[in-house]
Structures are given as C-alpha cells and as structure tokens.
Amino acid sequence: MAGDLACYNIADLRERARRRLPKGIWEYLERGVEDETGMARNRASFDAITFRPRILRNVEKVDPDTSIFGRETPLPMALAPTGAAGLLWYRGDLALARAAAKAGLPFTISSASTMDLEDIAKAGGRLWFQLYMWEDRSLSHAVVDRAWAAGCEALFVTLDMAVPPNREYIHRSGFGTPFRLNARNTLDVLAHPRWLAGTMGRYALDGGVPSQANLPDRLRSRITKGAPPGALFKQDNLDWDGIAELRSRWPGKLVLKGMLHPADAERALAIGADGIVVSNHGARALDSSVAAIDALPDIVSAVGGKMTIFLDSGIRRGSDIVKAVERGADAVLVGRAPLYGLSAAGEAGVLRALDLLGSETRRSMALLGARNIDELRTLDLM
Ligand SMILES: Cc1cc2nc3c(=O)[nH]c(=O)nc-3n(C[C@H](O)[C@H](O)[C@H](O)COP(=O)(O)O)c2cc1C
C-alpha cells in the first residue's frame, strides 16, 4: 500500500471518497432515508456512551482476538454485506473480499452484488453470504445452494427491508435502477473523471455494469435496464415459515440480520438460528428506528450466550467496537467504514480502514486497562 494514504481515521477516508465519487453515487453510499434522523442518532448513541477506565494494569500486551462460530478472528469484526460496491470501485466486491482475507476478517458477500458470488469467493478467506429474497423464491434457494458450494460458512438473511426503503434523493439524482441519464447526472459524472475512467471506463471495456449478477444468465440485466419479471427482490410476504424453510435447507450457520426487538431475537433462537445482527441497516431502512447500540442490552439479556450476537450501524471508530463488545455483542459488522476506504483507494483503502479500526480498538483497550476481550467484558468499564 502506498504509505498510509494520508488518512488517519475513517473520517479522512470518507472525505477522500466523497471527493472521488459523483454526487449521485456518493449519496447512495452515504445517505439514509426520509428525514435522515437515524444516522445522527446512531452516532449520538455511540458518542453518549462513556468509559470508566482502569489504571495500572500492565497493558504492554493487548490482544482483541476472539472466536466467531468457533473460529479465531483477530478482531471482533467482520465486513457487512454491501450491494453495489462495484459502483464505487471497479470490481469493488472483490477488492473488499481480498482486503478482508488479508486482514483475516470474515467478508459477507451481498446477494445484491454486481459480481457473481463465485468470482468474489475466489478472493479466499472466510466468507459469509447475505440473502435478500427474490420474488421467485426458487431463485433465492438456488443462490443459497451456490453460496454453500462456493464455501460460504454462514447465511445472513436480511429482514429489515420488508418493502423498499424511501430514498427520496434517488428521484432527484436519477441514480436509480434502471439508471437513467439526465442533464444533472451527466454533468455530475463528467465532473469526476477519475471515477469515470477508473470505474465506469473499465466496465465499459467489459461490456457494461452488471446488475443482479447472482441470478441465472437469462434473468440478468445491465444496470441501465429494469429487472425482468421474478428477478426483483420481494420480501413483503416473508414470514417465520420462510425462515424455517431456509433453516432446513441451509447446512451452515444461519444468521438473521436487522433485529431490534428482544421478542424477535427469542423467536430467532427458537427457530434454530445460530446468530442475529442487531442492526437498523445503517439507518437506511426505517428512519425512526432505535439506534442498534441502544437496542443491544435488552437483546443481550434475552439471548446473550445462547447465540452469536453481531451489532452494526454507526461504527466509525475502534472505541465504538469496544462499546458494542462491552455491551454484550460478540462481534460487530462494518458497512460504510470499509466502503469509504474502497471508494478512496480500492483494496488499499479498505485495508487502511480495517487497519485503522483494529489499531484504534487495541489502543482503546489499552487505555481502558483491558488486555483481552474477556477483561473488556468483566472489568465494569462503563
Ligand atoms: C452502500 C450500502 C449498501 C448496502 N447493501 C446491503 C445489502 O446488500 N444487504 C444488506 O443486508 N445490507 C446492506 N447494507 C447495510 C449494511 O450491511 C450494514 O447493515 C450497515 O451498513 C451498517 O451500518 P454502517 O454503514 O453505519 O456501518 C448496505 C449498506 C450500505 C452503506
């Protein structure tokens, strides 16, 4: 990697990303929904948590390694599924997966990726697969079978988008699917030549940006075209029976993503899920949802120790990871943080984001007097 990219925290990477991307693409990465109160709430809730550090505990050696689904991980962190990473960087999903593999962290392939899951899996490392249900359920089941064959260890089913979210800004920018050129977004794209040449230009040589890459060939379309019948995500008729069916089909770990209520967490446990993600989808689904970090304690009381609890939504610092783990999460997922790195500098930028989060976690633990994750959970630090 070229030095440290002169980026010393996630906010620096975010600023680089903002400058490189056309506004419409940047908005897709960054923005929330409706009045966008949720993103600020996610951050305010983390910021409101303060520590009571312990002193004189010889923190010469601090190690945040932990075990997720029985396997060692250097940090209690994995990369969240993020569809359309391929719009931020040429073959962005692969760059994310490669960086995760280098960092020894699990990577979650999104069912909405613009690359075949098998091509992303070539990155190696520890892979998970995230599922949105297509209108034609047999398509979803076929993709799930492929994910297992490609070596994905866990299936994350995302459940907090029963209907498409209200992204009003897309109507103005025109950067929806199908993508429609208008005067505004043409100027926007032309004003960002590095992205145009480095990302879109390279796709143009490949024959265009794919959309719905995980569907069979006959149902694939380019991002400039609408999806053919059956090939749209449709989750409004999904219920617990649908999850039970997936449970019986999927031999690996099953994780339900987008959980904020302890009663749903108990139901997930009862149905045989191995884990849940306490998440408000990075404030991209229902704007007024509770911050995930605030929903965590009740969920930990309900199912902690009985299943793996992940948390995401709003993590931008190692100290946020420390807060989530102290509150009872087994690990966190990070969504935008690695995407800022990806948008700024591809794989090197993702590595920089992961490295920053890791070193900040270790430093926070040392300043707290916690030498390992067990101590972090037992020292009564908040
Ligand atoms: C650009 C973008 C695309 C996303 N795509 C997906 C997706 O395809 N599937 C999914 O379950 N979650 C998706 N998410 C949500 C993330 O998995 C995660 O829940 C969220 O980003 C966490 O919040 P954070 O961005 O503040 O870390 C996406 C998030 C972003 C920012």
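Just the heavy atoms: all of them, side chains too, but no hydrogens, waters or symmetry mates, feed the values below. All ligand and atom numbering here is 1-based and tracks the order in the structure.
Looking at Asp47 and Arg43, a side-chain N of the basic residue comes within less than 4.0 Å of a carboxylate O on the acidic one, giving a salt bridge. With respect to Arg327 and Asp294, a salt bridge is recorded, a charged nitrogen being found less than 4.0 Å from a carboxylate O. Salt bridge Arg14/Glu30: present, at least one basic N to carboxylate O contact under 4.0 Å. In this structure, Glu375 pairs ionically with Arg57, as a charged nitrogen and a carboxylate oxygen lie closer than 4.0 Å. Remark: Asp320 does not engage Arg317 in a salt bridge, criterion side-chain N to carboxylate O under 4.0 Å.
Protein heavy atom in closest approach to atom 21 (O) of ligand 1: Gly335 CA, 3.5 Å. Closest protein heavy atom to atom 4 (C) of ligand 1: Thr82 CA, 3.5 Å. Taking atom 9 (N) of ligand 1 as the reference point, the nearest protein heavy-atom neighbour is Tyr132 OH, 3.1 Å. Scanning the protein for heavy atoms near atom 19 (O) of ligand 1, the closest one is Asp312 OD2, 2.7 Å. Of the protein's non-hydrogen atoms, Thr158 OG1, 2.6 Å is the one closest to atom 11 (O) of ligand 1. The closest protein non-hydrogen atom to atom 3 (C) of ligand 1 is Tyr28 OH, 3.4 Å. The shortest contact between atom 1 (C) of ligand 1 and any protein heavy atom is with Arg284 NH2, 3.4 Å. With hydrogens left out, the protein atom closest to atom 20 (C) of ligand 1 is Gly282 N, 3.8 Å, a heavy atom.
The distance from ligand 1 to the heavy atoms of Ser110 drops below 4.0 Å at these ligand atoms: 7 (C), 8 (O). The atoms of ligand 1 that sit less than 4.0 Å from any heavy atom of Leu29 are 31 (C). Of all the atoms in ligand 1, the ones that sit under 4.0 Å from a non-hydrogen atom of Ser313 are 22 (C), 23 (O), 26 (O). Near Ser279, with a cut-off below 4.0 Å to any heavy atom, the atoms of ligand 1 are 19 (O). Using a 4.0 Å cut-off to heavy atoms of Arg316, the atoms of ligand 1 that qualify are 24 (P), 26 (O), 27 (O). Which parts of ligand 1 touch Gly314 is read off a 4.0 Å heavy-atom cut-off, strictly below it: atoms 23 (O), 24 (P), 26 (O).
Pro22 has its side chain out of reach of Asn185: every pair of non-hydrogen atoms, C-beta onward, lies at least 4.5 Å apart.
Atom OG1 of Thr199 and atom CD1 of Ile25 lie 9.0 Å apart (nearest 0.5 Å).
When only modelled atom types and interatomic distance are considered, Gln130 and Thr108 share no side-chain donor-acceptor pair under 3.5 Å. In this structure, a donor-acceptor pair under 3.5 Å is absent between the side chains of Thr308 and Asp274.
Taking the six-membered ring for Trp and thresholds of 30 and 60 degrees, Phe156 and Trp128 have nearly parallel ring planes, at less than 30 degrees apart.
With hydrogens and angles ignored, the 3.5 Å screen pairs a side-chain donor or acceptor of Trp195 with a backbone N or O of Leu87.
Counting heavy atoms closer than 4.0 Å to ligand 1, residue Leu339 contributes side-chain atoms (C-beta onward) but none from N, CA, C or O.
Among Ala337, Pro81, Ala80, the residue whose heavy atom lies closest to atom 6 (C) of ligand 1 is Pro81. Between the choices Gln130, Arg336, Lys257, the shortest heavy-atom distance to atom 12 (N) of ligand 1 belongs to Lys257.
Taking a 4.0 Å cut-off on heavy atoms, Glu30 fails to register as neighbouring ligand 1. Taking 4.0 Å as the cut-off, Phe156 does not count as a neighbour of ligand 1 on heavy-atom distance.
Ring centers of Phe129 and Trp250: at least 6.0 Å apart, outside the cut-off.
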